[in-house]
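Presented below is the structure to which this report refers.
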Amino acid sequence: MAVLRSYVSGAWHTPAEEGAPLHDAVTGEEVARVSSAGVDRAAALEYGRRVGGPALRALTFHQRAALLKALGSYLREHRDDLYALSAKTGATPVDSKVDVDGGIGVLLSYASKGKRELPNDTVYLDGAVEPLGKGGTFAGRHIATPLRGVAIGINAFNFPVWGPLEKFAPAFLAGVPSLVKPASQTAYLTARLAELIVESGILPEGSFQFLAGGAGDLLDHVTPQDLVSFTGSAATARKLRAHPAIVRNSVRFTAEADSLNCSILGPDAVRGTAEFDLFVKQLVTEMTVKAGQKCTAIRRAFVPAELLDDVAAAASERLAKVVVGDPAAEGVRMGALASLEQREEVRRSLKALLSVGSVVFGDPEQVEVVGADAARGAFVSPVLLKADPDRAEPHEVEAFGPVSTLLPYTSAEQVVELAARGEGSLVGSVVTGDTAFAREIVLGLAPWHGRILVLDADDAKESTGHGSPLPQLVHGGPGRAGGGEELGGIRGVLHHLQRTAVQGSPKVLGAVSGQWVPGAGRSLSDTHPFRKSLAELKVGDAVVAGARTVTRADIDHFAEFTGDTFYAHTDEAAAAANPLFGGIVAHGYLVVSFAAGLFVSPEPGPVLANYGLENLRFLTPVKVDDALTVTLTAKQITPRNDQDYGEVRWDADVTNQDGDSVAKYDVLTLVAKEQP
């Protein structure tokens with residue numbers, strides 16, 4: 001049987017030893033062998049830093065996003081390869097889609113977010129310029145730049161595709177190379193994923209490496225610029241977090257660990273309501289998808305004491321329809337656990353839970369299996385328990401399989417306290433149509449949870465479910481759940497960047513950031529900046545236009561024309577009594593309109609469209625006979641890689657005859673890269 005290869009230091013490495021066997025979770029047959037013998041882990045990390053890092057940092061966020069999109073599209077074309085191997089992990093077709101399509105979806109989501117939310121630059125600007133002196137010559141700004149190390153992703157066995165890709169995508173977008181180390185039980189699937197990534201030829205060399213087998217001395221070689229992201233047991237997380245090299249070098253370490261996630265049924269959700277049915281359906285789904293091998297699965301189901309028997313009966317009825325067996329067999333809805341070892345671990349945990357509870361549905365020791373041998377495959381029955389919520393075991397023991405425990409409660413205060421006994425979870429949910437109850441539960445659960453789903457009849461059709469982490473939202477949790485945080489949109493990218501406060505003159509801050517900063521010089525010339533293509537325009541190019549006097553007739557006409565007859569623009573006495581104005585003032589949008597009339601160059605040219613205003617603030621009231629001047633400065637220039645135009649952000653400052661700013665805002669335009 002072939003031994004899985006590692007891809008390190010720019011080449012495939014085949015271990016000399018035969019390695020440990022990996023088995024098909026359904027049939028028990030050997031699928032592959034795994035070993036990391038002979039891999040020079042120190043060299044692999046140094047290769048990532050020396051080759052992969054510079055190659056990624058040479059690209060802008062938008063260029064990296066485009067590569068993620070290309071990789072996602074390539075993997076989507078080859079996902080049948082991954083589906084075939086996924087079935088050997090015990091996954092049903094639905095389970096495989098959650099893992100494979102979900103992982104590819106993370107790549108595509110980060111590709112989209114990178115293009116829409118990050119600059120087409122190599123520097124991320126975090127927040128606004130902070131004035132540090134009265135004269136405007138000294139200021140500060142936070143920038144974020146990629147760490148100069150490697151993002152080490154140590155993954156769990158339950159999501160061999162999604163797990164590595166959800167760690168890889170934000171790191172790559174940030175400009176940090178990755179080394180992926182999968183759990184051995186299902187490493188044959190991650191190995192095929194790695195082969196596809198390398199075969200695609202899409203990624204810069206050194207930006208992706210793959211280690212099959214044991215980690216060995218990998219963490220001995222981490223530096224202060226490296227990152228470690230771990231998914232697995234809380235015990236292993238504690239061990240890795242305390243590794244001498246991680247502690248000594250203050251390595252960024254994030255963990256996603258055990259989680260006794262809860263779902264709470266509201267007292268309003270009695271039998272016959274939509275919310276009752278949603279709770280039961282969600283509970284059974286979370287027990288059986290991936291055979292319950294999800295770090296986000298529902299382990300504790302809190303139910304109003306008076307509804308406990310109703311929920312137990314309804315859940316049992318649904319569980320009785322779940323067919324267990326070979327994922328390839330017709331009608332099978334739940335496959336096997338990942339390995340026989342995992343099956344025994346689940347049974348050991350079940351014994352601890354049964355010591356304080358009783359079985360509502362299922363048999364912990366045997367299961368009827370379709371299309372496979374129950375003895376050779378890692379099959380277990382879905383098991384629903386009920387227990388006394390005051391006992392410790394339901395809040396401490398996680399059976400990482402199709403197991404959940406019903407726990408009664410009598411008040412919102414009590415159930416919040418009981419949920420907290422899990423000491424930190426990745427996700428909790430509350431199923432209720434009572435918004436007041438939902439608010440009380442959400443605010444009570446929030447300190448102990450990384451994500452909370454409120455499920456009701458209104459959002460049920462679009463809800464992605466209790467157990468589905470999304471790339472847009474944070475995935476992680478406090479305490480027992482690991483104390484880490486992954487994904488979360490751009491938050492996941494920022495984890496791989498170093499935030500640095502830069503102090504200096506506006507000119508220096510502009511040079512560092514690639515943006516014009518108020519107080520820096522402007523470039524005024526006979527050529528209006530709107531006559532310049534993107535190739536010709538420079539940051540700091542500006543036009544000063546005006547003055548234009550605002551008359552009472554202007555204000556009256558604007559009020560009549562727009563229908564905005566607010567008293568401050570139309571009623572002398574009422575406007576005079578207003579302590580902010582002391583008389584008739586011009587409409588704010590009249591000021592903006594006059595400013596546009598002053599700075600616009602009307603003839604056809606490279607400016608294609610004005611598509612937005614941002615950060616608009618009206619600072620000083622404009623009164624009758626005030627004279628307005630506008631200064632428009634090219635603040636930021638962002639070419640779009642896949643278009644023949646780009647975005648220009650302009651700083652607009654409208655002032656009155658006394659030099660006071662009456663309005664400040666950003667104008668967004670689309671400008672052709674070349675003269676039409």
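Just so we're clear, the structure is a prediction, and the values are computed from it rather than from any experiment. Counting begins at 1 with the first residue of the sequence.
Taking the side chain as every heavy atom from C-beta outward, Leu455 and Ser429 never approach each other to under 4.5 Å. Residues Arg451 and Thr296 have side chains in contact (heavy-atom distance under 4.5 Å, counting atoms from C-beta outward). Within the 4.5 Å cutoff, no side-chain heavy atoms of Leu165 are placed close to those of Tyr110. In this structure, Tyr409 and Pro389 have side chains that are not in contact, with every pair of non-hydrogen atoms separated by 4.5 Å or more. Within the 4.5 Å cutoff, no side-chain heavy atoms of Trp448 are placed close to those of Val416. Looking at heavy atoms from C-beta onward, Leu218 lies in side-chain contact with Leu45 at the 4.5 angstrom threshold. Contact of the Leu337 side chain with the Val346 side chain is registered, since non-hydrogen atoms from C-beta on lie closer than 4.5 Å. The closest side-chain heavy-atom distance from Phe159 to Val98 is below 4.5 Å.
Among residue pairs with one or both ends in residues 297-307, those qualifying as salt bridge (charged side-chain N to carboxylate O under 4.0 Å, His left out) are Arg299-Glu398; sequence neighbours excluded.
Distance CG/Leu384 to OG/Ser358: 9.5 Å, rounded to 0.5 Å. To the nearest 0.5 Å, the span separating CG on Leu319 from CE on Met334 amounts to 9.5 Å. Distance CG/Asn158 to CD/Gln342: 8.5 Å, rounded to 0.5 Å. Here the straight-line distance linking atom CG of Asp277 with atom CD of Gln282 works out to 12.5 Å at 0.5 Å rounding. To the nearest 0.5 Å, atom CG of residue Leu82 and atom CG of residue Asp99 are 8.5 Å apart. Taken to the nearest 0.5 Å, the CZ atom of Phe302 stands 10.5 Å off from the CG atom of Leu406.
Residues Lys294 and Glu286 approach most closely at NZ-OE1, 3.0 Å, considering heavy atoms. Leu193 and Pro160 get closest at one heavy-atom pair: CD2-O, 4.4 Å. Taking each heavy atom of Ser36 and Gly214 in turn, the nearest pair found is OG-O, 2.8 Å. The two residues Gly72 and Leu108 make their nearest non-hydrogen contact at CA-CD2, 4.0 Å. In this structure, Pro15 and Leu4 approach most closely via the heavy-atom pair CD-O, 3.6 Å. Nearest heavy-atom pair, Ala237 versus Ala255, reported as atom, atom and distance to 0.1 Å: CB-CB, 4.0 Å.
Thr432 and Asp268 form a side-chain donor-acceptor contact under 3.5 Å, judged by distance and modelled atom types alone. A donor and an acceptor atom, one from each side chain of Thr231 and Lys167, are located under 3.5 Å apart. In summary, the side chains of Asp95 and Thr92 do present a donor paired with an acceptor at a separation below 3.5 Å, with no hydrogens or angles considered.
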Legend entry - Stepwise side-chain contact (heavy atoms from CB on, under 4.5 Å) check, Arg347 with Glu344: CA-CA 5 Å; Arg347 287 176 173 172; Glu344 294 313 304; 3.3 Å; yes

Inset, instruction - Kindly indicate, with the supporting measurements, whether the criterion side-chain contact (heavy atoms from CB on, under 4.5 Å) is fulfilled by Ser349 and Val403. - result: CA-CA 10 Å; Ser349 298; Val403 180; over 6 Å; no

Legend entry - Worked check of side-chain contact (heavy atoms from CB on, under 4.5 Å) between Glu195 and Asp81: CA-CA 11 Å; Glu195 289 175 351; Asp81 288 6; over 6 Å; no

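Partners of His475 by ring-ring contact (aromatic ring centres under 6.0 Å, His included), not counting sequence neighbours, listed by chain and number: Trp162.
Within 6.0 Å of atom NZ in Lys386, 12 or fewer heavy atoms from other residues, nucleotides or ligands are found, so the atom counts as exposed in its surroundings. In the displayed structure, Glu317 atom CD is contacted under 6.0 Å by at most 12 heavy atoms of other residues, nucleotides or ligands.
Relative orientation of the Phe157 and Phe400 rings is perpendicular, given thresholds of 30° and 60° on the angle between their planes. The aromatic rings of Phe253 and Phe230 lie parallel to each other, their planes meeting at an angle below 30°, with 60° marking the opposite boundary.
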